[in-house]
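One structure below.
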Amino acid sequence: MQKSTWVATPNIAVVKYWGKKDSQLNLPANNSISVTMDEALSTKTTVEFSEKYKEDELVLNKMRASESDLGRAVKVLDAIRKMAKIKYRARVESQNNFPTAAGLASSASGFAALACAASDAAGLKASARQLSIFARLGSGSACRSVLGGFVEWKAGKKKDGSDSYAVQVASNNHWPQLRNVIAVVNPGRKKVGSSEGMELTANTSPLYKERIRTIGKTIAKMKRAIIQRDLQSFLELTMRESSHLHAVMLDTFPPIIYLNDISRQIIEGVHDLNAKKGRLVAGYTFDAGPNAHIYTLEAHVGEVEDMLSKISGVKKVIVCKVGAGPRRLPSSESLF
Ligand code: DP6
């Protein structure tokens with residue numbers, strides 16, 4: 001058994017996952033599409049299976065993880081142990097280069113890095129499909145971070161989740177000019193976690209039923225926009241889909257509100273910039289938090305940054321390219 005260290009990056013959905021068919025296996029109610037980020041934001045994870053560990057141990061950013069985070073990691077480790085036919089417990093250490101639970105998708109990069117490092121440490125030669133299934137058990141959106149580029153998570157039909165995994169729509173080199181300008185608004189911990197929020201939405205929102213009924217069409221249009229590098233369609237679909245998700249959240253009872261005044265100023269700033277240009281040059285999307293991810297092309301990054309610099313609640317701006325997906329690090333980079 002060898003120690004293994006991997007780095008993985010978050011992904012930001014342009015067609016969002018919100019709602020589960022099975023909350024144990026994290027089987028989603030709908031397909032989703034995301035873009036994997038480059039290593040401007042990343043999680044590094046080292047895993048070792050050994051008889052010297054009596055229990056699975058998880059250290060996150062140098063602190064012992066909560067029971068709930070440990071529980072999610074154990075689901076991934078158990079699936080890997082079962083496939084590798086090993087019984088050893090594991091030590092897992094993981095470090096983010098950005099704040100955890102700030103809506104910057106740390107669970108996605110975290111569980112993708114865990115799936116890759118743990119299956120490698122267990123001696124499995126797992127396919128991307130298998131890694132995606134392992135990562136999904138920790139956090140649904142993580143199944144998309146095992147691949148680089150533009151990624152679709154197929155919801156699947158089977159009860160055991162064996163057909164619910166991510167596939168690449170296009171590689172990270174497909175649209176080299178594309179950028180994600182992240183406006184960090186509030187790096188605090190969020191109030192309502194995604195799992196809890198999506199269950200409440202599915203149980204209480206009439207608008208959500210309409211979302212699930214029509215989302216297949218959005219998926220098809222988004223895939224076409226990506227494959228054709230059709231910026232106008234990509235940006236419009238991205239903004240409409242984000243607003244749709246947040247409308248459904250507001251239609252939840254009691255309502256779930258992740259956007260704040262700063263997020264709203266960013267939305268207006270993007271539309272003002274587009275109006276000034278006479279075409280769409282930027283498009284925002286928001287996950288379960290107030291931070292904005294603004295897609296644009298390299299040529300317009302400066303204008304987007306200018307717009308953001310006038311909004312006083314924007315704490316930090318990070319510019320990402322499309323990332324290539326997880327990679328193995330040499331043993332000299334091991335976290336323990
Ligand atoms: C709004 O993947 O965090 O970011 O499966 O319960 O861990 P769990 O949820 P999670 O939900 C992500 C929701 C989202 C949309 C998305 O990434 O598609």
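This chain uses plain numbering: 1 for the first residue, then up along the sequence. Counting starts at 1 for both ligands and their atoms, in listed order.
Counting heavy atoms closer than 4.0 Å to ligand 1, residue Arg144 contributes side-chain atoms (C-beta onward) but none from N, CA, C or O. Contacts of Arg136 with ligand 1, taken as heavy-atom pairs under 4.0 Å, are absent altogether. With a heavy-atom cut-off of 4.0 Å, Ser194 touches ligand 1 through its side chain alone.
Distances below 4.0 Å separate heavy atoms of Ser195 from the following atoms of ligand 1: 6 (O), 8 (P). Close contacts of ligand 1 with Arg72, meaning ligand atoms under 4.0 Å from a residue heavy atom, involve 7 (O). Of all the atoms in ligand 1, the ones that sit under 4.0 Å from a non-hydrogen atom of Met198 are 9 (O), 11 (O).
The shortest N or O to N or O distance between Ser141 and ligand 1 is under 3.5 Å. For a threshold of 3.5 Å applied to N or O pairs, the pair formed by Trp18 and ligand 1 contains no separation below that value. The shortest N or O to N or O distance between Lys20 and ligand 1 is under 3.5 Å. An N or O contact shorter than 3.5 Å is missing between Met249 and ligand 1 by distance. Checked by distance only, ligand 1 and Tyr17 come closer than 3.5 Å through their nitrogen or oxygen atoms.
Formation of a donor-acceptor pair under 3.5 Å by the Asn180 side chain with backbone atoms of Val322 is not found in this model. Lys20 places no side-chain N or O within donor-acceptor distance of the main-chain N or O of Ala202, the cut-off being under 3.5 Å. With hydrogens and angles ignored, the 3.5 Å screen pairs no side-chain donor or acceptor of Tyr165 with any backbone N or O of Leu131.
The nearest pair of heavy atoms linking Val185 to Lys315 is O-CG, 3.5 Å.
Partners of Lys3 by side chain to side chain donor-acceptor pair (under 3.5 Å), not counting sequence neighbours: none found. For Tyr53, the side-chain contact (heavy atoms from CB on, under 4.5 Å) partners at least two apart in sequence or on another chain are Glu48, Ser50, Glu57, Arg89, Arg91, Phe336.
Results of the ring-ring contact (aromatic ring centres under 6.0 Å, His included) test with Tyr295 over Phe150, Trp175, Phe234 single out Phe234 as the only residue that passes. Among the candidates Lys16, Arg211, His246, the single residue satisfying the side chain to side chain donor-acceptor pair (under 3.5 Å) test with Glu241 is Arg211.
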